[in-house]
Amino acid sequence: MPIQIGAKRESDFADPIGMLSDCHRRIEMFLNVLVRVTEVGSLTGETRSAFEAALRYFREAAPKHTADEEESVFPRLRALGKPELAALLAQVDSLEEEHVCANRSHAEIDRLGRLWLETGALTAAQVAELLAELRQLQDLYRHHIAMEDTEIFPAAKAALPAEDRSAIGIEMAARRNLATIAK
């Protein structure tokens, strides 16, 4: 089950909103890896490596994505104070609630996934629980990502001034301990 890590990004920190959308493709890919490996029910060779990489992605990289949205993008949208963004901001509130639900699911998936990696086996009940959590998370992300990619991110690109978008990119780079981008 080959996976490609470090593939060339379509966007960079000069286009932070584009980077957030690019990250959605990685979320979908790694979540699909977790589901497929769990459905197969075998951790050997490539499947074990892919499963470990996917768990690590959700443990280490995905929280930065959430912080990018909740600490950099969403507050700036709210700070604009534009009445025409009221409906969009209501959706943002809902997305933040979904982040909380996703984090709970990720914690349980990580617990079960690490147990599987450590012991080499899960009980039938644990496999069923893992698959249920993964499928529930797929459903949540299907809606969540569609909302962000088709409504929130395009609105943010249009509404946020260039200096805000630049500041978001710098903050995103800092969360990843990378040098700030050139202006």
Side-chain angles (χ1 to χ4, degrees), residues 1-39 50-78 80 84-113 129-160 164-165 168-169 171-173 175-176:
M1 179 167 302
I3 59 171
Q4 185 176 2
I5 299 175
K8 183 181 179 314
R9 291 186 170 114
E10 293 179 22
S11 304
D12 59 21
F13 292 110
D15 178 15
I17 306 299
M19 279 189 73
L20 290 170
S21 190
D22 293 347
C23 186
H24 287 164
R25 305 300 73 82
R26 288 185 290 283
I27 288 169
E28 293 163 338
M29 179 198 65
F30 282 118
L31 188 54
N32 286 335
V33 166
L34 292 175
V35 170
R36 285 194 319 260
V37 172
T38 303
E39 288 172 342
F51 192 81
E52 284 178 308
L55 283 179
R56 187 173 45 256
Y57 174 81
F58 285 115
R59 192 171 45 251
E60 297 173 6
K64 292 178 179 104
H65 173 86
T66 300
D68 295 338
E69 293 175 356
E70 291 188 353
E71 297 172 22
S72 296
V73 177
F74 297 165
R76 283 181 172 86
L77 284 172
R78 287 183 178 108
L80 292 174
E84 64 270 20
L85 294 179
L88 184 82
L89 294 174
Q91 291 174 331
V92 165
D93 292 341
S94 174
L95 293 170
E96 288 175 322
E97 291 171 18
E98 288 179 357
H99 286 160
V100 172
C101 294
N103 289 341
R104 278 194 300 261
S105 290
H106 282 300
E108 185 59 14
I109 290 164
D110 192 62
R111 182 189 72 77
L112 289 166
E129 181 183 354
L130 181 56
L131 272 174
E133 287 285 349
L134 288 166
R135 289 185 177 129
Q136 179 181 340
L137 196 56
Q138 278 183 315
D139 289 342
L140 182 146
Y141 276 132
R142 194 171 293 115
H143 167 266
H144 187 95
I145 287 172
M147 179 71 62
E148 288 181 345
D149 282 348
T150 63
E151 296 185 40
I152 306 299
F153 294 167
K157 263 188 174 176
L160 293 172
D164 279 353
R165 292 191 313 273
I168 291 168
E171 291 166 9
M172 288 171 66
R175 278 187 198 95
R176 289 150 182 84

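Everything numeric in this text was worked out from a predicted model, so none of it was measured.
- Using a 4.5 Å heavy-atom cutoff, the side chains of Leu31 and Tyr141 are in contact.
- Rounding to the nearest 0.5 Å gives a distance of 8.0 Å between CG of Asp68 and CE of Met19.
- Between Ser21 and Asp149, the closest heavy-atom pair is OG-OD1, 3.0 Å.
- Classification of Asp22 and Arg25 as a salt-bridged pair fails, no side-chain N sitting under 4.0 Å from a carboxylate O.
- The two residues His143 and Glu98 have their closest heavy-atom pair at ND1-OE2, 3.1 Å.
- Atom CZ in Arg36 sits 12.0 Å away from atom CG in Leu134 (nearest 0.5 Å).
- Side-chain atoms of Ser94 and Met147, non-hydrogen and from C-beta on, never get closer than 4.5 Å to each other.
- Rounded to the nearest 0.5 Å, atoms CD (Glu129) and CG (Leu112) are 4.5 Å apart.
- No close placement of the Phe30 and His106 rings is indicated, their centers lying 6.0 Å or farther apart.
- In this model, a donor atom of one side chain and an acceptor atom of the other lie less than 3.5 Å apart for His24 and His65.
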Walk me through whether Leu34 and Leu137 qualify under side-chain contact (heavy atoms from CB on, under 4.5 Å). CA-CA 11 Å; Leu34 292 175; Leu137 196 56; over 6 Å; no

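- By the side-chain contact (heavy atoms from CB on, under 4.5 Å) test, Arg78 pairs with Phe74, Leu89, Val92, Asp93, Glu96, sequence neighbours left out.
- Glu133 has no carboxylate O lying under 4.0 Å from a charged side-chain N of Arg111, or vice versa, which leaves the two without a salt bridge.
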Just do the side-chain contact (heavy atoms from CB on, under 4.5 Å) check on His144 and His99 with the steps written out, would you? CA-CA 9 Å; His144 187 95; His99 286 160; 3.2 Å; yes

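- Interatomic distance, Cys101 SG to Gln136 CD, rounded to the nearest 0.5 Å: 8.0 Å.
- In this structure, Cys23 and Arg26 have side chains that are in contact, with non-hydrogen atoms separated by less than 4.5 Å.
- The structure places CD of Glu60 at 10.5 Å from CG of Leu55, a figure rounded to the nearest 0.5 Å.
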Show the numbers, then the answer: is there a side-chain contact (heavy atoms from CB on, under 4.5 Å) between Leu95 and Glu69? CA-CA 10 Å; Leu95 293 170; Glu69 293 175 356; 6.0 Å; no

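- Heavy-atom minimum distance, Ala50 versus Val33: O-CG1, 3.6 Å.
- Rounding to the nearest 0.5 Å places CD1 of Ile17 at 4.5 Å from CD1 of Ile168.
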